[in-house]
**Q** 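Sharing a structure, written as structure tokens. Questions coming.
Below, chains carry the letters A, B, ... as their sequence lines are ordered, and counting in each starts from 1.
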Amino acid sequence: MKKFFVVMMVVFLVALLVSPVMAKKYTIATVVKLDGIAWFERMREGVKKFAQDTGHEAFLVGPPRADAALQVQIIEDLIAQGVDAICVVPFSPEAVEPVLKRAMDQGIVVITHEASNIQNAHWDLEAFDNYAFGAKLMDYLASYMGEEGEYATMVGSLTSKTHMEWITGSVERQKEKYPQMKLVTESPLECYDDQTRAYENMKELLRTYPNLRGVRTSASTAAPGCGLAVEEAGLQDRVHVVGPSLVSLSGQYLKTGAVKVIGFWDPADAGYAMNKLAVMVLEGQEVTDGMDLGVPGYNKLRMDGRVLYGEAWVFVTKDNMDQYNF
Amino acid sequence: MNGIFSRNEAFVALIILGLVLIIGSINPNFFTLGTLYDLLRSSVVMGIFGVGVLMVLVSGGTDISFTAIAAFCTYVTSRYLNSIGFEGSVLVAFLISGAIGVLLGLINAILISSFKLPTLIVTLGTGNMFRGFMLAFIGTKIVTVLPPGMIRFSRTEFFPVTTLIGGTNGLSAAVFVLLAVVPVTWYILNYTMLGRGIYAIGGDRVAAERAGLNINVIQFFIYCYVGFLAGIAGIVHSSLVRTANPFDLVGTELSVIAAVVLGGARITGGHGTILGAILGVFLVIIINNSLIMMGVPSYWQSAVIGMIIILGTSITALQSKRESRVSIVDNQ
């Protein structure tokens, strides 16, 4: 009987020692640009799901205003709280570099998103390569245009790096694969992320180029702006609008066919994937080129220095728009 | 010198005429009825704002809160009408939005006339306040499905024509809102005691006071009326873009002021006409909406607009300088 107790005791002690190793729970914070907007509410769903699936304590925070300084403050608070990992979608990558360095110095794992030029992070996870995304959008536009005819391009502003990369990717794909298509705008038109401006640009394009068959937009508000102009003119069957946008912004024009295809990435998946990557680093697992995070679109990551690219693009037409609530 | 060409309006009209001829010679597609419809439609919101700004400038003040008021009014109205499932006429939207505009204008008026604060500072403050209040307490979510009345209003078009590309184009119903606002304001400014009082306090405040004008009453009227116009412009804007976006409009106030100044109104007050303000707005709208047709690359668009504003205002400024010299000579 005594022997049995001793054995039980030993088993119990060993179990006590092993259990934290077997199921260590990490605290992981995801810091976003701006709290409360639809995009990051959707990301919160992904982070919550990660917490439920894995049992780690994962949560999402962000400043009430889009302000780089406020975001830095939040990260400072998290360092003081002693979280295990921080996933950041920086408002301005340059502005968070010093505070992220401090976090890393204290042994906190740092993962970033939408910041391919970041220096102070273990990894930066991008939903996709911008040029490849642009090329994909061009494939859609070309298929609606029958691979021929005139098209125009639009960006939020010529200084927006992401928008320019999307457009460059599209135009290069067109030159390489669709020689029958012709770009009429020498440099992309600017819409300043303003829906009214995009609408007016589109109206003017229709006046200036009577043979126009398509437009590749960039700002999320440009597709609905152009779509409205197309719909008002009753040209849904002739002029095709394709570009990045969200269902919440472009849904009514997808329905009427004034906007044909919109592309984006799902912030919920991005949040989930970032948290998963953070845990991998915390557990000391090796991050390799071509690895699978087990999240849709992040199954075969391409490694480029510190940056990991997924293929997590989502393309939405009127047929699958009901699956997205943001 | 007292002929029609001594007036600022004539210069702006000449610039517009020249510009139209240049655009048309570069791209003959410009000379269609559809183009005129598009330009008129684009002018409505800026035109209503311009009429309000003119009234403030004439009185010697500067209002930069009107865009925030417009965004506030239309966002709150759209959210409210959607929440009660209102399906009736757009007129109700105009009434609610206009009423909210009057209330917000009243706040401006109280601060300006009771505390005798500079109008620019007051409206700089209230503009930020209205916007912040809306974003913090009412919401940031863009309304993409407007009340049905507003959608019907935006779809209403008259005299449709077929465009070059094969679609159709009609004169937007929104244009008639501007066509109502302009004569009403013109009448107030030119044929009522109130309107003449606005010119008087802008020309010389002290003299106006001694002449027995009640400056407080006049200022209350001005800022409430501008708030009302902003509310109307907000609904027109939301209807035309078919979304009520709380982040919209704010940031365009300086281009509206520039357009009105281009039309001959003086920042120092006392001078300016409705016709001039509307012509100034047309000029800016034509420039904004024709650079693609002229093949001006995006890089150059803002530069061209800036140059025309400087050119236009310097012509009117030189004109007024010569005018004052002439009147001194006449007096001697």
Side-chain angles (χ1 to χ4, degrees), chain A residues 34-38 41 64-66 152-155 157-158 184-213 220-221 224-225 227-239 246-253, chain B residues 23 26-27 29-32 34-35 37-39 41-42 45-46 132 135-136 139-146 151 154-155 157 160 162-170 172 237-238 240-243 245 247-249 251-252 285 288-302:
Chain A
L34 180 60
D35 201 4
I37 62 171
E41 282 305 311
R65 273 182 291 128
T153 56
M154 221 179 274
V155 292
S157 116
L158 292 166
V184 292
T185 42
E186 202 178 312
S187 66
L189 303 176
E190 289 182 295
C191 69
Y192 311 106
D193 289 12
D194 175 4
Q195 199 164 328
T196 316
R197 195 65 241 161
Y199 166 86
E200 282 171 352
N201 279 348
M202 189 69 208
K203 277 263 181 182
E204 207 182 334
L205 281 171
L206 294 175
R207 274 208 296 279
T208 314
Y209 305 104
N211 298 319
L212 192 77
R213 299 288 311 285
S220 62
T221 46
L228 176 59
V230 169
E231 189 183 304
E232 276 186 359
L235 292 168
Q236 292 93 317
D237 300 329
R238 208 187 134 83
V239 181
L246 297 174
V247 174
S248 58
L249 293 171
S250 294
Q252 53 175 324
Y253 303 107
Chain B
I23 302 166
I26 293 173
N27 193 332
N29 293 351
F30 184 76
F31 291 122
T32 58
T35 309
Y37 288 169
D38 287 348
L39 291 176
R41 182 189 191 279
S42 302
V45 173
M46 202 188 208
L135 297 178
T140 52
K141 201 170 177 332
I142 300 172
V143 179
T144 49
V145 181
L146 288 179
I151 295 179
S154 78
R155 289 207 169 122
E157 291 184 341
T162 307
T163 55
L164 296 167
I165 194 166
T168 57
N169 198 348
S172 168
H237 173 81
S238 294
L240 290 182
V241 286
R242 279 194 222 157
T243 52
N245 181 345
F247 299 99
D248 250 5
L249 291 172
T252 60
I285 292 289
N288 268 330
N289 288 285
S290 303
L291 294 173
I292 300 174
M293 286 195 103
M294 286 196 283
V296 179
S298 302
Y299 300 104
W300 279 97
Q301 297 199 354
S302 343

**Q** Can you tell which part of B:N27 gets under 4.5 Å to a heavy atom of chain A, answering side chain, backbone, both or neither?
**A**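 For B:N27, the contact with chain A is made by the side chain alone.
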**Q** State whether a side-chain donor-acceptor pair under 3.5 Å links A:Y199 with B:R41.
**A** yes
**Q** With chain A as the partner, which of B:G251, B:G139, B:S42 has the greatest number of non-hydrogen pairs under 4.5 Å?
**A**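 Ranked by heavy-atom pairs under 4.5 Å with chain A, first place is B:S42.
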**Q** What's the separation between atom CZ in A:R207 and atom CD1 in B:I292, rounded to the nearest 0.5 Å?
**A**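 Rounded to the nearest 0.5 Å, the CZ-CD1 separation comes out at 8.5 Å.
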**Q** Grab the two heavy atoms, one from B:M293 and one from A:E204, that are nearest each other, plus how far apart they are.
**A**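 Closest approach of B:M293 to A:E204, heavy atoms only: N-OE2, 2.9 Å.
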**Q** Is it the side chain or the backbone of A:T196 that comes within 4.5 Å of chain B heavy atoms, both, or neither?
**A**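 Both backbone and side chain.
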**Q** Given that the side chain runs from C-beta out, which part of A:R238 has a heavy atom under 4.5 Å from chain B: side chain, backbone, both or neither?
**A**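 Only the side chain of A:R238 comes within 4.5 Å of chain B.
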**Q** Less than 4.5 Å to any heavy atom of chain B: does that hold for the side chain of A:V230, its backbone, both, or neither?
**A**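 Contact with chain B: none, neither part.
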**Q** Can you tell me how far apart CD (A:E231) and CZ (B:R155) are? Round to the nearest 0.5 Å.
**A**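 Result: 5.5 Å between the selected atoms.
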**Q** Using a cut-off of under 4.5 Å on heavy-atom pairs, state which of B:N289, B:T144, B:V241, B:V45 scores highest against chain A.
**A** B:N289
**Q** Which residue out of B:T35, B:D248, B:N169, B:T243 racks up the most heavy-atom pairs below 4.5 Å with chain A?
**A** B:T35
**Q** Check each atom of B:L135 against the heavy atoms of chain A and say whether the ones under 4.5 Å are side chain, backbone, both or neither.
**A**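 Neither part.
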**Q** side-chain hydrogen bond (donor to acceptor under 3.5 Å, both in side chains) with B:T162: which residues, sequence neighbours excluded?
**A**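 Expected list: none.
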**Q** Would you compute the distance between atom OG1 of A:T208 and atom CD1 of B:I26 and round it to the nearest 0.5 angstrom?
**A** 11.5 Å
**Q** Report the option among B:T140, B:D38, B:N29 that has the most heavy-atom pairs separated by less than 4.5 Å from atoms of chain A.
**A**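 Greatest number of close heavy-atom pairs with chain A: B:D38.
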**Q** Which one of A:G234, A:A229, A:A233 has the most heavy-atom pairs closer than 4.5 Å to chain B?
**A**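 The candidate making the most pairs under 4.5 Å is A:A233.
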**Q** Got a donor-acceptor contact below 3.5 angstrom from the A:E232 side chain to the B:G170 backbone?
**A** no
**Q** Any carboxylate oxygen within less than 4.0 angstrom of a Lys/Arg side-chain nitrogen, looking at B:K141 and A:E41?
**A**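 Result for this pair is no, no salt bridge flagged.
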**Q** I'd like to check the salt bridge (Lys or Arg N to Asp or Glu O under 4.0 Å) partners of A:E200; sequence neighbours left out, ordered by chain and number.
**A**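 Per chain and number, A:E200 pairs via salt bridge (Lys or Arg N to Asp or Glu O under 4.0 Å) with A:R197.
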